[in-house]
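The model shown is predicted, which means the values in this text are computed figures rather than measured ones. Within every chain, numbering begins at 1; the chains are lettered A, B, ... in the order of the sequence lines, protein sequences first and strands thereafter.
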There are 2 protein chains.
Amino acid sequence: MAGYSSSVGADQERRKPRIDQSDGLSRRATIHDVARLAGVSRQTVSRAVNDKGEIDPATKERVLEAARLLDYRPSRFARGLVRKGTVTAGLVIPDLMNPFFPEVAAGVLEAAEQRGWQVVVCDTRSDDAREREALDMLSHQADAVVGYFKNEDDVLARHLGGVPLVLLERGPQQTRFAAVGIDAAGGLERGMAHLVGAGHRRIGMLDGDRGPVRGPRHEAFLAQARRHGLDVDEGWIVCCAEHSVVGGEAAMERLLDVRPEVTAVFGFNDLIAVGAMRTARRRGREVPGDLAVLGFDGLSLGALVEPALTTLHLDKRRLGRLAVEQVARLLAGEGPLVGEDAWVIPELVVRASA
Amino acid sequence: MAGYSSSVGADQERRKPRIDQSDGLSRRATIHDVARLAGVSRQTVSRAVNDKGEIDPATKERVLEAARLLDYRPSRFARGLVRKGTVTAGLVIPDLMNPFFPEVAAGVLEAAEQRGWQVVVCDTRSDDAREREALDMLSHQADAVVGYFKNEDDVLARHLGGVPLVLLERGPQQTRFAAVGIDAAGGLERGMAHLVGAGHRRIGMLDGDRGPVRGPRHEAFLAQARRHGLDVDEGWIVCCAEHSVVGGEAAMERLLDVRPEVTAVFGFNDLIAVGAMRTARRRGREVPGDLAVLGFDGLSLGALVEPALTTLHLDKRRLGRLAVEQVARLLAGEGPLVGEDAWVIPELVVRASA
DNA sequence: TTGTAGGCGTTATCAG
DNA sequence: CTGATAACGCCTACAA
């Protein structure tokens, strides 16, 4: 730690030789400034900077030196105007702190990188207003947007200004936009079959907070309960204010109050399910002995808790990659994939909690 | 699922009225095309699109209709060329799958959003080559870059082309770039004091893989060991191939082979520490009874595992925000903050594992 | 090897 | 209220 406040970052301070103007202000150096300083034409500067051939090594060196002196960097705007082909995608995520989303994002970034696209990321922190602001920004800066949104279709459209949009995790019939979905119905079918097969009849659900309408997992849960002839209805579903462990803990608290006879719970996601386990155990119920817990997402975290979480595992990276594929189709004017082709299928991973 | 493959995404397919050219190809509509279709000048289109005043409501409507028809969107490049002030930062992250980084990223995004900046994110998956590619890209597209890098300063500089860089998690004396650091020495001082205070003398470390040089945590660990007069040296440190739970598991395996007499381990990060716990328990050692485990990072995951992980907690969001602050200084030509002002201090959070 | 002319798509300025 | 004209910074084509 000694000498810690010695002169550092010198590299950064040394530069900043901005061009002084008549008005007293300064601007960044342009190709013109470099040309003047080096005593050549702008064209020659361009050749040197983009190291094309057709230039005398000596002049090239002189030009490069001038550029260095002025801290010249080509304007990405001017360049983009002339050289077409730079694709920028926007990625809108509700909450980077939920491990689910970074994994989707990783898939998006990976696929984007392969195509040579860049990705501008926004974290809306699950806030409707911020969602709209993100769209306002991206509608200007991105060629397409992919993400999770709570706002409804027409609101999105209004803030999109015509930029193509790919929605994550919405079934096609729920939106007029292109989408990449999750087969919630199929997942819940397997999940509930597992629970019922283990003898459970009094199954509760800790739902996420899906805004005005009931989400697909909610619907699918009820459908499966009906199908198995369970005596389970809306009263067995409690909503989580937050899609997090604490959200799950609180919701489980309420579920146990309202339906103390419950023997199994299905969590909207793994975080919530983990919260459910914690509350259950704190209130003296063994998991899975007294209460079975089933999650949804397949976070790697689920394998680390105790008991390890049984869950409906999703290939989140693939979700992200698929989304980029959809974007590519839209950009090519091809029309998005639909139905099963744009679906990720949950896979039941049985561990200790159910 | 019924009717799932019905006509959807119609909204997307309907548009794409690109401008046909003499060469048979098609391009996106420009302001010029709209002007022609609406029978006005480009200027009027501009006024309508950016809804400035000074335009007849009727013409405005006509223009907007034309724009809609042609699916016109202003070119961000042309716009950027004329309107200054759009700031884009690049964020380079080694591994989005490690919960540490999304949290830093969240801090960066938050601070950037407040300043009205956009952030282009790259995930290098801890690959040196990808690091360089990311820089190549960002040096063209970003006004500044912040991130984690394994490549050395001069390599970075070479791929940076003069774009300001803020390094995350490197002490100033280790780099000529601006940086935001972590007070590893201070953290380890408290951590080791805790372990030694509990009577431990045979303490091992599961180090991360910090490339050629030994990282600050490594150094600090040895320094503290010395200070407490422990009989501990390099032989008590084993490196993890991966900064992950499995990486930690494997490393712990090796440590137990080489130093079975160990009574406490310090993990390079929480993931590794969790891996250590798992291996220890699998090999029949109680945690913390037979083996105390101390992590570094303070991931929320640590509170979920059993026993809950004692750790040196970092404010990762703050780390990200600080980085953006550094960028702002560089962009303003101010010279970066240095030393304690650009530091995040680990705080010992004692839980059950040590 | 180097320089000149023109255009990329948009907005600002200043006439009409 | 509307329309010329001139930048913005760079690159491609062509000419010297």
Side-chain angles (χ1 to χ4, degrees), chain A residues 18-19 21-23 25-64 66-67 70-86 139-141 143 161-162, chain B residues 18-19 21-23 25-64 66-67 70-86 139-141 143 161-162:
Chain A
R18 325 196 93 226
I19 305 300
Q21 291 178 125
S22 46
D23 58 8
L25 293 173
S26 69
R27 27 164 267 263
R28 247 180 57 183
T30 74
I31 198 174
H32 187 144
D33 302 313
V34 179
R36 198 152 30 113
L37 179 57
V40 298
S41 75
R42 296 176 304 180
Q43 192 41 234
T44 306
V45 176
S46 178
R47 280 191 274 254
V49 168
N50 306 319
D51 56 25
K52 312 234 168 184
E54 308 185 331
I55 182 175
D56 186 300
T59 27
K60 175 168 177 179
E61 200 36 65
R62 189 156 40 93
V63 169
L64 258 25
L70 297 177
D71 187 31
Y72 166 71
R73 270 165 293 147
S75 147
R76 66 170 169 285
F77 297 116
R79 230 182 212 169
L81 205 48
V82 170
R83 306 220 267 247
K84 316 294 185 182
T86 334
S139 66
H140 291 319
Q141 307 295 353
D143 301 299
Chain B
R18 325 195 93 224
I19 305 301
Q21 291 178 124
S22 47
D23 56 9
L25 294 173
S26 70
R27 27 164 268 263
R28 247 181 57 183
T30 74
I31 199 173
H32 188 112
D33 302 312
V34 180
R36 199 153 28 112
L37 179 57
V40 297
S41 75
R42 298 177 303 184
Q43 192 41 234
T44 304
V45 175
S46 178
R47 278 191 275 254
V49 168
N50 305 317
D51 58 23
K52 313 235 166 178
E54 306 186 335
I55 183 175
D56 185 299
T59 21
K60 176 168 176 178
E61 199 37 63
R62 189 156 39 94
V63 169
L64 256 26
L70 297 177
D71 187 29
Y72 166 71
R73 269 164 293 147
S75 147
R76 67 169 169 284
F77 297 117
R79 225 178 217 173
L81 203 50
V82 171
R83 304 220 267 247
K84 317 293 185 185
T86 334
S139 66
H140 291 319
Q141 307 294 354
D143 301 299

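Heavy-atom contacts of chain B under 4.0 Å fall on DNA chain D between two terminal nucleotides, which in 5' to 3' order are D:dC1 to D:dG9.
In this structure, CD in A:Q141 is found 5.5 Å from OG1 in B:T86, a value given to the nearest 0.5 Å.
Listed by first and then second residue, the salt bridge (Lys or Arg N to Asp or Glu O under 4.0 Å) pairs that reach into residues 52-62 of chain A are A:E61-A:R68, sequence neighbours excluded.
Nearest heavy atoms, A:Y72 versus A:I31: CE1-N, 3.3 Å. Considering all non-hydrogen atoms of both residues, A:D71 and B:G162 come closest at OD1-O, 4.0 Å. Closest approach of A:S75 and B:L81 over heavy atoms only: OG-CD1, 4.1 Å.
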Distance-only donor-acceptor hits, side chain of residues 33-41 of chain B, under 3.5 Å, sequence neighbours excluded:
residue: B:D33; atom: OD1; partner: B:R27; partner atom: NH2; Å: 3.0
residue: B:D33; atom: OD1; partner: B:R36; partner atom: NH2; Å: 3.0
residue: B:D33; atom: OD2; partner: B:R27; partner atom: NH2; Å: 2.5
residue: B:D33; atom: OD2; partner: B:T30; partner atom: N; Å: 2.7
residue: B:D33; atom: OD2; partner: B:T30; partner atom: OG1; Å: 3.4
residue: B:S41; atom: OG; partner: B:Q43; partner atom: N; Å: 3.4
residue: B:S41; atom: OG; partner: B:T44; partner atom: N; Å: 3.3
residue: B:S41; atom: OG; partner: B:T44; partner atom: OG1; Å: 3.2

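A close approach under 4.0 Å does not occur between any side-chain nitrogen or oxygen of A:T44 and OP1 or OP2 of C:dT1.
Considering only residues two or more places apart in sequence or on other chains, A:R79 meets the side-chain contact (heavy atoms from CB on, under 4.5 Å) condition with A:V49, A:N50, A:P74, A:R83, B:H140. Residues that satisfy the salt bridge (Lys or Arg N to Asp or Glu O under 4.0 Å) test with A:R76, not counting sequence neighbours, are B:D143.
From one end of the helix from C:dT1-D:dA16 to C:dG16-D:dC1 to the other, with five pairs defining each end axis, the axis direction shifts by 40° (rounded to 10°).
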Per-nucleotide protein contact string for nucleotides 8-14 of chain C (B base, S sugar-phosphate only, - none; heavy atom under 4.0 Å): BBBBBB-

